[in-house]
Amino acid sequence: QVQLVESGGGLVQPGGSLRLSCAASGRAFSAFAMGWFRQAPGNEREFVTSINGVGRTDYADSVKGRFTISRDNAKNTVYLQLNSLKPEDTAVYYCAGAPYTGWDFPRSYNYWGQGTQVTVSS
């Protein structure tokens with residue numbers, strides 16, 4: 001069983017920054033592809049970014065150049081650096097993981113965190 005716990009959300013002004021963390025249980029973290037998704041009130045969950053087991057990353061067009069995903073396998077943690085935040089970035093951000101070690105990305109994710117709220121408002 002894999003447990004994912006997000007942290008780092010909060011209230012920030014437009015143009016500000018936040019750093020989200022996702023701590024994973026288990027000893028096979030390096031064999032997991034990890035992703036971040038978000039869901040705003042009244043909206044469906046949407047893909048934000050992902051990083052696979054070999055360090056390859058992918059980003060939604062809406063966040064390219066502003067968000068950065070990274071991982072520290074020694075700490076079983078994946079990070080999401082959010083820069084130049086906009087009001088439309090306001091959402092609950094969810095961390096997700098899947099056992100996948102290939103060059104590509106998984107079709108779906110097996111494990112999900114509880115989410116952390118990011119609110120961008122002036």
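Quantities reported herein were computed from a predicted structural model and do not represent experimental measurements. Keep in mind that the numbers below use all heavy atoms, side chains included, and drop hydrogens, waters and symmetry copies.
Between the side chain of Thr77 and the main chain of Lys75, a donor-acceptor pair closer than 3.5 Å is present. Not one N or O on the side chain of Arg38 forms a donor-acceptor pair closer than 3.5 Å with the backbone of Val92. One N or O on the side chain of Thr49 and one on the backbone of Asp58 form a donor-acceptor pair closer than 3.5 Å. With hydrogens and angles disregarded, a donor-acceptor distance shorter than 3.5 Å links the side chain of Asp89 to the backbone of Lys86. Proximity of a side-chain donor or acceptor of Arg45 to a complementary backbone N or O of Gln39 within less than 3.5 Å is not detected. Arg71 places a side-chain N or O within donor-acceptor distance of the main-chain N or O of Phe29, the cut-off being under 3.5 Å.
A heavy-atom distance below 4.5 Å is found between the side chains of Val2 and Phe32. Using a 4.5 Å heavy-atom threshold, the side chains of Val12 and Thr119 count as separate. Inter-residue side-chain proximity for Tyr79 and Thr68 is flagged as unmet; no heavy-atom pair is nearer than 4.5 Å. Residues Val54 and Thr101 fail the side-chain proximity criterion, which asks for heavy atoms closer than 4.5 Å. Inter-residue side-chain proximity for Leu20 and Thr116 is flagged as met; some heavy-atom pair is nearer than 4.5 Å. Side-chain contact check for Leu11 versus Ser121: some heavy-atom pair is nearer than 4.5 Å. By the 4.5 Å heavy-atom criterion applied to side chains, Ser25 and Asn76 are not counted as neighbours.
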(request) Could you give me the CA-CA distance, side-chain angles and deciding distance for Glu6 and Trp36, then say whether side-chain contact (heavy atoms from CB on, under 4.5 Å) is met? (result) CA-CA 10 Å; Glu6 302 97 333; Trp36 287 95; 3.8 Å; yes
(request) Please report the C-alpha distance between Cys22 and Met34 in whole Å, then the side-chain angles of each, then the deciding distance to 0.1 Å, and finally whether the side-chain contact (heavy atoms from CB on, under 4.5 Å) criterion is met. (result) CA-CA 9 Å; Cys22 173; Met34 303 295 297; 4.2 Å; yes
(message) With side-chain contact (heavy atoms from CB on, under 4.5 Å) as the criterion, how do Thr57 and Phe105 come out once you've worked through the C-alpha distance, each side chain's angles and the decisive distance to 0.1 Å?
(response) CA-CA 9 Å; Thr57 59; Phe105 298 92; 5.6 Å; no
(request) Start with the C-alpha gap between Gln13 and Leu85, add the side-chain angles, then the distance that decides, and say whether side-chain contact (heavy atoms from CB on, under 4.5 Å) holds. (result) CA-CA 8 Å; Gln13 294 183 353; Leu85 283 162; over 6 Å; no
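Here the closest heavy-atom approach between residue Ser122 and residue Pro14 is recorded as N-CD, 3.7 Å. Closest of all the heavy-atom pairs between Cys95 and Leu4 is O-CD1, 3.7 Å. For Tyr109 against Ala33, the heavy-atom pair with the smallest separation is CE2-O, 3.8 Å. Taking every heavy atom of both residues into account, Val120 and Thr90 meet most closely at N-OG1, 2.9 Å.
With no hydrogens or angles considered, a side-chain donor-acceptor pair links Asn83 and Ser17 at under 3.5 Å.
Asn52 CG to Ile69 CD1: the interatomic distance, rounded to the nearest 0.5 Å, is 10.0 Å. Separation of atoms OG (Ser50) and CG (Leu80) is listed at 11.5 Å; rounding is to 0.5 Å.
Other residues, nucleotides and ligands place no more than 12 heavy atoms under 6.0 Å from the CD atom of Gln114.
Both Phe67 and Val118 are part of a single hydrophobic cluster, where members link through side-chain heavy atoms under 4.5 Å apart. There is a path of hydrophobic side-chain contacts, each under 4.5 Å, that joins Ile51 to Val63.
The distance between the ring centers of Phe47 and Phe37 falls below 6.0 angstrom.
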